[in-house]
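Presented below is the structure to which this report refers.
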Amino acid sequence: MMKHLHDPLWRAWATLLGLGVVTTLAAALGGHLPAPVLGAVLLAVAWTKARIILARYLGLVQAPAWQRGFDAVLGAFLLLLYGIYLIPVL
Amino acid sequence: MDAEVSPTDTTGTLPGDLMIWVLIVSELLVFGAALGAFLAVRAGDVGGFLEAQDHLDRTAGALNTIVLLTSGLAAALALRAREAGLRGRARLGLGVAALLGVVFLWVKALEYSAKAAEGIGTDTHPFFTFYYLVTGFHAAHVVAGIVVLGLVAWRDSVANIENATAFWHMVDLVWVLIFPVIYLLR
(Lines give C-alpha, C1' and ligand atoms only; values in the text may rest on other atoms or scores of the structure.)
Protein backbone atom coordinates (compact mmCIF):
# COMPACT_ATOMS: atom_id res chain seq x y z
CA MET A 1 0.00 0.00 0.00
CA MET A 2 2.80 2.42 0.92
CA LYS A 3 4.50 1.56 -2.36
CA HIS A 4 1.34 2.56 -4.20
CA LEU A 5 1.21 5.90 -2.38
CA HIS A 6 4.56 6.80 -3.94
CA ASP A 7 3.32 5.93 -7.41
CA PRO A 8 2.03 9.04 -9.26
CA LEU A 9 -0.75 7.06 -10.98
CA TRP A 10 -2.09 5.58 -7.76
CA ARG A 11 -1.75 8.96 -6.04
CA ALA A 12 -3.70 10.58 -8.86
CA TRP A 13 -6.44 7.95 -8.49
CA ALA A 14 -6.60 8.45 -4.71
CA THR A 15 -6.76 12.23 -5.17
CA LEU A 16 -9.56 11.86 -7.73
CA LEU A 17 -11.56 9.71 -5.30
CA GLY A 18 -10.91 12.24 -2.53
CA LEU A 19 -12.21 15.01 -4.76
CA GLY A 20 -15.25 12.81 -5.39
CA VAL A 21 -15.91 12.89 -1.66
CA VAL A 22 -15.70 16.71 -1.74
CA THR A 23 -18.19 16.73 -4.63
CA THR A 24 -20.55 14.42 -2.72
CA LEU A 25 -20.33 16.55 0.44
CA ALA A 26 -20.93 19.77 -1.50
CA ALA A 27 -23.92 18.22 -3.26
CA ALA A 28 -25.30 16.90 0.04
CA LEU A 29 -24.99 20.37 1.56
CA GLY A 30 -26.42 21.92 -1.59
CA GLY A 31 -29.67 22.94 0.08
CA HIS A 32 -27.78 24.90 2.74
CA LEU A 33 -25.32 26.64 0.43
CA PRO A 34 -26.08 29.66 -1.75
CA ALA A 35 -26.28 28.54 -5.39
CA PRO A 36 -23.26 30.64 -6.49
CA VAL A 37 -21.09 28.98 -3.80
CA LEU A 38 -22.28 25.46 -4.60
CA GLY A 39 -21.77 26.05 -8.31
CA ALA A 40 -18.27 27.45 -7.77
CA VAL A 41 -17.24 24.49 -5.59
CA LEU A 42 -18.63 21.84 -7.95
CA LEU A 43 -17.07 23.37 -11.06
CA ALA A 44 -13.74 24.05 -9.35
CA VAL A 45 -13.57 20.41 -8.23
CA ALA A 46 -14.50 19.26 -11.75
CA TRP A 47 -11.69 21.42 -13.17
CA THR A 48 -9.20 19.97 -10.69
CA LYS A 49 -10.27 16.41 -11.56
CA ALA A 50 -9.97 17.16 -15.27
CA ARG A 51 -6.46 18.58 -14.74
CA ILE A 52 -5.37 15.45 -12.88
CA ILE A 53 -6.75 13.18 -15.61
CA LEU A 54 -4.97 15.22 -18.27
CA ALA A 55 -1.70 15.34 -16.36
CA ARG A 56 -1.47 11.79 -15.06
CA TYR A 57 -3.80 9.49 -16.95
CA LEU A 58 -3.22 11.18 -20.31
CA GLY A 59 0.41 11.91 -19.55
CA LEU A 60 0.45 15.66 -20.23
CA VAL A 61 2.80 16.06 -17.28
CA GLN A 62 5.47 15.14 -19.85
CA ALA A 63 4.46 18.13 -21.99
CA PRO A 64 4.21 21.15 -19.66
CA ALA A 65 3.31 23.73 -22.31
CA TRP A 66 0.47 21.57 -23.63
CA GLN A 67 -0.63 20.87 -20.08
CA ARG A 68 -0.81 24.59 -19.28
CA GLY A 69 -2.74 25.19 -22.49
CA PHE A 70 -5.30 22.48 -21.76
CA ASP A 71 -5.64 23.64 -18.14
CA ALA A 72 -6.21 27.24 -19.21
CA VAL A 73 -8.75 26.45 -21.92
CA LEU A 74 -10.66 24.04 -19.67
CA GLY A 75 -10.60 26.62 -16.88
CA ALA A 76 -11.94 29.30 -19.22
CA PHE A 77 -14.65 26.91 -20.44
CA LEU A 78 -15.75 26.10 -16.89
CA LEU A 79 -15.80 29.81 -16.06
CA LEU A 80 -18.09 30.29 -19.05
CA LEU A 81 -20.36 27.52 -17.77
CA TYR A 82 -20.34 29.16 -14.33
CA GLY A 83 -21.31 32.49 -15.89
CA ILE A 84 -24.27 30.89 -17.73
CA TYR A 85 -25.25 29.08 -14.52
CA LEU A 86 -25.28 32.40 -12.63
CA ILE A 87 -27.57 34.21 -15.11
CA PRO A 88 -30.83 33.23 -13.35
CA VAL A 89 -29.27 33.68 -9.89
CA LEU A 90 -28.18 37.30 -10.43
CA MET B 1 2.78 17.98 -10.07
CA ASP B 2 6.05 16.09 -10.14
CA ALA B 3 8.59 17.27 -12.67
CA GLU B 4 9.00 14.53 -15.25
CA VAL B 5 10.69 16.51 -18.01
CA SER B 6 14.23 17.75 -18.21
CA PRO B 7 14.75 21.30 -16.91
CA THR B 8 15.68 22.42 -20.41
CA ASP B 9 12.56 20.90 -21.99
CA THR B 10 9.76 23.28 -21.11
CA THR B 11 7.41 22.23 -23.90
CA GLY B 12 7.55 18.47 -24.21
CA THR B 13 5.73 16.53 -26.90
CA LEU B 14 2.21 15.25 -26.74
CA PRO B 15 2.11 11.62 -25.64
CA GLY B 16 0.64 9.37 -28.33
CA ASP B 17 -0.53 10.09 -31.83
CA LEU B 18 -1.42 13.68 -32.75
CA MET B 19 -4.69 12.45 -34.29
CA ILE B 20 -5.91 11.02 -30.99
CA TRP B 21 -5.45 14.50 -29.50
CA VAL B 22 -7.40 16.03 -32.37
CA LEU B 23 -10.15 13.53 -31.55
CA ILE B 24 -9.97 14.34 -27.82
CA VAL B 25 -10.24 18.09 -28.45
CA SER B 26 -13.11 17.54 -30.91
CA GLU B 27 -15.01 15.44 -28.39
CA LEU B 28 -14.43 17.99 -25.64
CA LEU B 29 -15.82 20.71 -27.92
CA VAL B 30 -18.93 18.65 -28.73
CA PHE B 31 -19.68 17.76 -25.11
CA GLY B 32 -18.72 21.29 -24.01
CA ALA B 33 -21.21 22.80 -26.44
CA ALA B 34 -23.91 20.41 -25.20
CA LEU B 35 -23.27 21.34 -21.56
CA GLY B 36 -23.26 25.06 -22.43
CA ALA B 37 -26.58 24.67 -24.27
CA PHE B 38 -27.98 22.70 -21.31
CA LEU B 39 -27.18 25.54 -18.88
CA ALA B 40 -28.45 28.20 -21.32
CA VAL B 41 -31.84 26.46 -21.68
CA ARG B 42 -31.89 25.85 -17.91
CA ALA B 43 -31.52 29.62 -17.33
CA GLY B 44 -34.99 30.08 -18.82
CA ASP B 45 -36.67 27.43 -16.63
CA VAL B 46 -34.65 26.87 -13.46
CA GLY B 47 -37.63 25.56 -11.47
CA GLY B 48 -38.56 23.00 -14.12
CA PHE B 49 -34.96 21.83 -14.45
CA LEU B 50 -34.55 21.46 -10.67
CA GLU B 51 -37.77 19.48 -10.42
CA ALA B 52 -36.69 17.22 -13.28
CA GLN B 53 -33.19 16.82 -11.82
CA ASP B 54 -34.69 15.44 -8.60
CA HIS B 55 -35.70 12.34 -10.60
CA LEU B 56 -32.04 11.51 -11.25
CA ASP B 57 -30.20 8.96 -9.15
CA ARG B 58 -27.20 10.92 -7.86
CA THR B 59 -25.86 7.89 -6.01
CA ALA B 60 -25.71 5.96 -9.28
CA GLY B 61 -23.95 8.91 -10.91
CA ALA B 62 -21.39 9.09 -8.08
CA LEU B 63 -20.86 5.31 -8.23
CA ASN B 64 -20.26 5.55 -11.96
CA THR B 65 -17.69 8.30 -11.35
CA ILE B 66 -15.74 5.96 -9.05
CA VAL B 67 -16.07 3.13 -11.59
CA LEU B 68 -14.74 5.22 -14.48
CA LEU B 69 -11.89 6.79 -12.48
CA THR B 70 -10.79 3.33 -11.36
CA SER B 71 -11.10 2.06 -14.90
CA GLY B 72 -8.85 4.94 -16.02
CA LEU B 73 -6.24 3.86 -13.46
CA ALA B 74 -6.34 0.29 -14.79
CA ALA B 75 -5.90 1.58 -18.36
CA ALA B 76 -2.97 3.81 -17.38
CA LEU B 77 -1.31 0.93 -15.52
CA ALA B 78 -1.85 -1.27 -18.59
CA LEU B 79 0.04 1.19 -20.79
CA ARG B 80 2.87 1.40 -18.29
CA ALA B 81 3.08 -2.41 -18.12
CA ARG B 82 3.19 -2.70 -21.92
CA GLU B 83 5.94 -0.07 -22.10
CA ALA B 84 7.89 -2.22 -19.64
CA GLY B 85 7.34 -5.26 -21.88
CA LEU B 86 4.88 -6.91 -19.48
CA ARG B 87 2.32 -7.96 -22.06
CA GLY B 88 0.30 -10.22 -19.79
CA ARG B 89 -0.03 -7.58 -17.13
CA ALA B 90 -0.96 -5.01 -19.78
CA ARG B 91 -3.75 -7.28 -21.06
CA LEU B 92 -4.97 -7.78 -17.52
CA GLY B 93 -5.13 -3.99 -17.01
CA LEU B 94 -7.00 -3.52 -20.28
CA GLY B 95 -9.41 -6.29 -19.29
CA VAL B 96 -10.09 -4.69 -15.91
CA ALA B 97 -10.62 -1.29 -17.58
CA ALA B 98 -13.07 -2.79 -20.10
CA LEU B 99 -14.89 -4.77 -17.40
CA LEU B 100 -15.37 -1.60 -15.35
CA GLY B 101 -16.68 0.02 -18.53
CA VAL B 102 -19.32 -2.72 -18.65
CA VAL B 103 -20.17 -2.01 -15.00
CA PHE B 104 -20.61 1.68 -15.91
CA LEU B 105 -23.02 0.74 -18.70
CA TRP B 106 -24.93 -1.64 -16.43
CA VAL B 107 -25.44 1.12 -13.82
CA LYS B 108 -26.45 3.50 -16.64
CA ALA B 109 -28.96 0.93 -17.94
CA LEU B 110 -30.46 0.65 -14.44
CA GLU B 111 -30.81 4.44 -14.39
CA TYR B 112 -32.52 4.49 -17.77
CA SER B 113 -34.87 1.65 -16.89
CA ALA B 114 -35.86 3.42 -13.65
CA LYS B 115 -36.69 6.54 -15.69
CA ALA B 116 -38.68 4.46 -18.16
CA ALA B 117 -40.62 2.88 -15.27
CA GLU B 118 -41.54 6.40 -14.14
CA GLY B 119 -42.76 7.18 -17.64
CA ILE B 120 -39.91 9.62 -18.23
CA GLY B 121 -38.72 9.91 -21.81
CA THR B 122 -36.76 12.30 -23.99
CA ASP B 123 -39.77 14.56 -24.54
CA THR B 124 -40.98 14.65 -20.92
CA HIS B 125 -39.08 17.90 -20.28
CA PRO B 126 -36.17 19.68 -22.01
CA PHE B 127 -34.02 18.61 -19.04
CA PHE B 128 -34.51 14.96 -20.01
CA THR B 129 -33.90 15.71 -23.67
CA PHE B 130 -30.43 16.93 -22.68
CA TYR B 131 -30.00 14.20 -20.09
CA TYR B 132 -30.62 11.38 -22.57
CA LEU B 133 -28.75 13.11 -25.37
CA VAL B 134 -25.58 13.88 -23.38
CA THR B 135 -25.41 10.76 -21.21
CA GLY B 136 -26.51 8.53 -24.10
CA PHE B 137 -23.84 9.94 -26.41
CA HIS B 138 -21.31 9.49 -23.62
CA ALA B 139 -22.45 5.88 -23.06
CA ALA B 140 -21.98 5.26 -26.79
CA HIS B 141 -18.37 6.39 -26.35
CA VAL B 142 -18.00 3.96 -23.44
CA VAL B 143 -19.21 1.14 -25.72
CA ALA B 144 -16.73 2.22 -28.41
CA GLY B 145 -13.98 2.43 -25.80
CA ILE B 146 -14.66 -1.11 -24.56
CA VAL B 147 -14.43 -2.42 -28.13
CA VAL B 148 -11.17 -0.50 -28.73
CA LEU B 149 -9.66 -1.75 -25.44
CA GLY B 150 -10.50 -5.28 -26.52
CA LEU B 151 -8.93 -4.76 -29.93
CA VAL B 152 -5.65 -3.42 -28.52
CA ALA B 153 -5.49 -6.25 -25.97
CA TRP B 154 -5.26 -8.43 -29.09
CA ARG B 155 -3.09 -6.17 -31.28
CA ASP B 156 -1.01 -5.00 -28.35
CA SER B 157 1.68 -2.69 -29.69
CA VAL B 158 2.66 0.17 -27.38
CA ALA B 159 1.31 2.73 -29.86
CA ASN B 160 -2.06 0.96 -30.13
CA ILE B 161 -2.45 0.74 -26.37
CA GLU B 162 -1.35 4.35 -25.91
CA ASN B 163 -3.99 5.61 -28.36
CA ALA B 164 -6.74 3.35 -27.03
CA THR B 165 -6.12 4.31 -23.42
CA ALA B 166 -5.99 8.00 -24.40
CA PHE B 167 -9.49 7.57 -25.90
CA TRP B 168 -10.60 5.86 -22.69
CA HIS B 169 -9.24 8.70 -20.54
CA MET B 170 -11.11 11.19 -22.73
CA VAL B 171 -14.34 9.31 -21.89
CA ASP B 172 -13.34 9.59 -18.21
CA LEU B 173 -12.56 13.30 -18.55
CA VAL B 174 -15.90 14.07 -20.20
CA TRP B 175 -17.80 12.25 -17.44
CA VAL B 176 -16.21 14.33 -14.65
CA LEU B 177 -17.62 17.39 -16.45
CA ILE B 178 -21.06 15.90 -17.22
CA PHE B 179 -21.75 14.60 -13.72
CA PRO B 180 -21.66 17.88 -11.75
CA VAL B 181 -23.37 19.95 -14.45
CA ILE B 182 -26.32 17.64 -15.12
CA TYR B 183 -26.70 15.75 -11.83
CA LEU B 184 -25.57 18.17 -9.13
CA LEU B 185 -25.77 21.90 -9.96
CA ARG B 186 -28.82 23.32 -8.14
Side-chain angles (χ1 to χ4, degrees), chain A residues 7-17 19-21 23-24 26-28 30-31 33-35 38-39 41-70 73-74 77-78 80-89, chain B residues 1-5 9-16 20-21 24-25 28-29 32 35-40 42-47 49 58-59 61-62 65-66 68-70 72-77 79-80 162 165-166 168-170 172-181 183-186:
Chain A
D7 182 326
L9 280 178
W10 283 90
R11 243 190 359 246
W13 173 75
T15 308
L16 286 166
L17 293 194
L19 288 168
V21 173
T23 299
T24 303
L33 293 174
L38 176 66
V41 171
L42 291 176
L43 293 178
V45 171
W47 183 53
T48 308
K49 283 181 178 173
R51 291 179 64 213
I52 293 171
I53 291 169
L54 283 164
R56 292 299 176 189
Y57 284 7
L58 277 159
L60 279 190
V61 72
Q62 299 166 26
W66 287 102
Q67 186 183 356
R68 281 194 296 274
F70 270 89
V73 172
L74 259 181
F77 166 68
L78 286 170
L80 173 68
L81 288 189
Y82 185 57
I84 301 171
Y85 167 72
L86 286 182
I87 289 173
V89 177
Chain B
M1 298 295 168
D2 300 344
E4 291 189 1
V5 291
D9 180 4
T10 56
T11 306
T13 52
L14 280 171
I20 196 70
W21 286 96
I24 288 170
V25 170
L28 287 175
L29 287 172
L35 292 177
F38 169 82
L39 287 176
R42 177 187 181 275
D45 179 20
V46 176
F49 269 62
R58 296 187 180 92
T59 305
T65 304
I66 295 170
L68 268 195
L69 293 175
T70 306
L73 172 67
L77 291 171
L79 173 61
R80 180 198 282 174
E162 190 167 41
T165 54
W168 194 246
H169 297 318
M170 178 273 293
D172 213 355
L173 175 59
V174 167
W175 179 254
V176 302
L177 302 177
I178 290 174
F179 178 56
V181 172
Y183 284 72
L184 301 179
L185 278 182
R186 304 295 293 163

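No experiment lies behind these values; they were computed from the predicted model shown. A note on names: the letters A, B, ... follow the listed sequences, proteins ahead of strands, and every chain is numbered from 1.
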What part of B:Leu79 lies closer than 4.5 angstrom to a heavy atom of chain A: side chain, backbone, both or neither? neither
Drop me the distance from B:His169's NE2 to A:Leu60's CG, to the nearest 0.5 angstrom. 11.0 Å
Side chains of A:Leu74 and B:Leu177 in contact at under 4.5 Å (non-hydrogen atoms): yes
The reported gap from CZ in A:Phe77 to CG in B:Leu29 (rounded to nearest 0.5 angstrom) is 9.0 Å
In terms of heavy-atom pairs under 4.5 Å with chain A, which of B:Ala75, B:Ala62, B:Pro15 leads? B:Pro15
Quick check for you: among B:Leu77, B:Val181, B:Thr65, B:Leu35, which has the greatest number of heavy-atom pairs under 4.5 Å with chain A? B:Leu77
A:Trp47 portion near chain B, given a 4.5 angstrom heavy-atom threshold: neither
Euclidean distance, A:Leu81 CG relative to B:Phe38 CZ, rounded to 0.5 Å: 10.5 Å
Side chain, backbone, both or neither: which part of B:Val46 has a non-hydrogen atom closer than 4.5 Å to chain A? side chain
Listed partners of B:Tyr183 passing side-chain hydrogen bond (donor to acceptor under 3.5 Å, both in side chains), at least two apart: B:Lys108, B:Glu111
Under 3.5 Å, is there a donor-acceptor pair between the side chain of A:Tyr57 and the main chain of B:Leu69? yes
Heavy-atom closest contact (A:Ala27 atom, B:Leu184 atom, distance): CB-CD2, 3.7 Å
Partner chain A: residue of B:Gly72, B:Ala76, B:Gly36 with the largest heavy-atom pair count (under 4.5 Å): B:Gly72
Part of B:Arg58 lying under 4.5 Å from any heavy atom of chain A: neither
Counting only heavy atoms closer than 4.5 Å, note whether B:Arg42 contacts chain A via side chain, backbone, both or neither. side chain
Residue selection (most heavy-atom pairs with chain A, distance under 4.5 Å) from B:Val176, B:Leu28, B:Val25: B:Val176
Toward chain A, the part of B:Thr70 with a non-hydrogen atom under 4.5 Å: both
Less than 4.5 Å apart, side chain to side chain, heavy atoms only: is that true for B:Leu73 and A:Leu16? no
At a heavy-atom separation under 4.5 Å, does B:Val174 approach chain A through its side chain, its backbone, both, or neither? neither
Among the options B:Leu173, B:Thr59, B:Thr165, pick out the one with the most heavy-atom pairs lying under 4.5 Å from chain A. B:Leu173
Looking at A:Leu58, A:Ile53, A:Leu42, which one has more heavy-atom pairs under 4.5 Å with chain B than the rest? A:Leu58
Where does B:Trp168 contact chain A at under 4.5 Å (heavy atoms): side chain, backbone, both or neither? neither
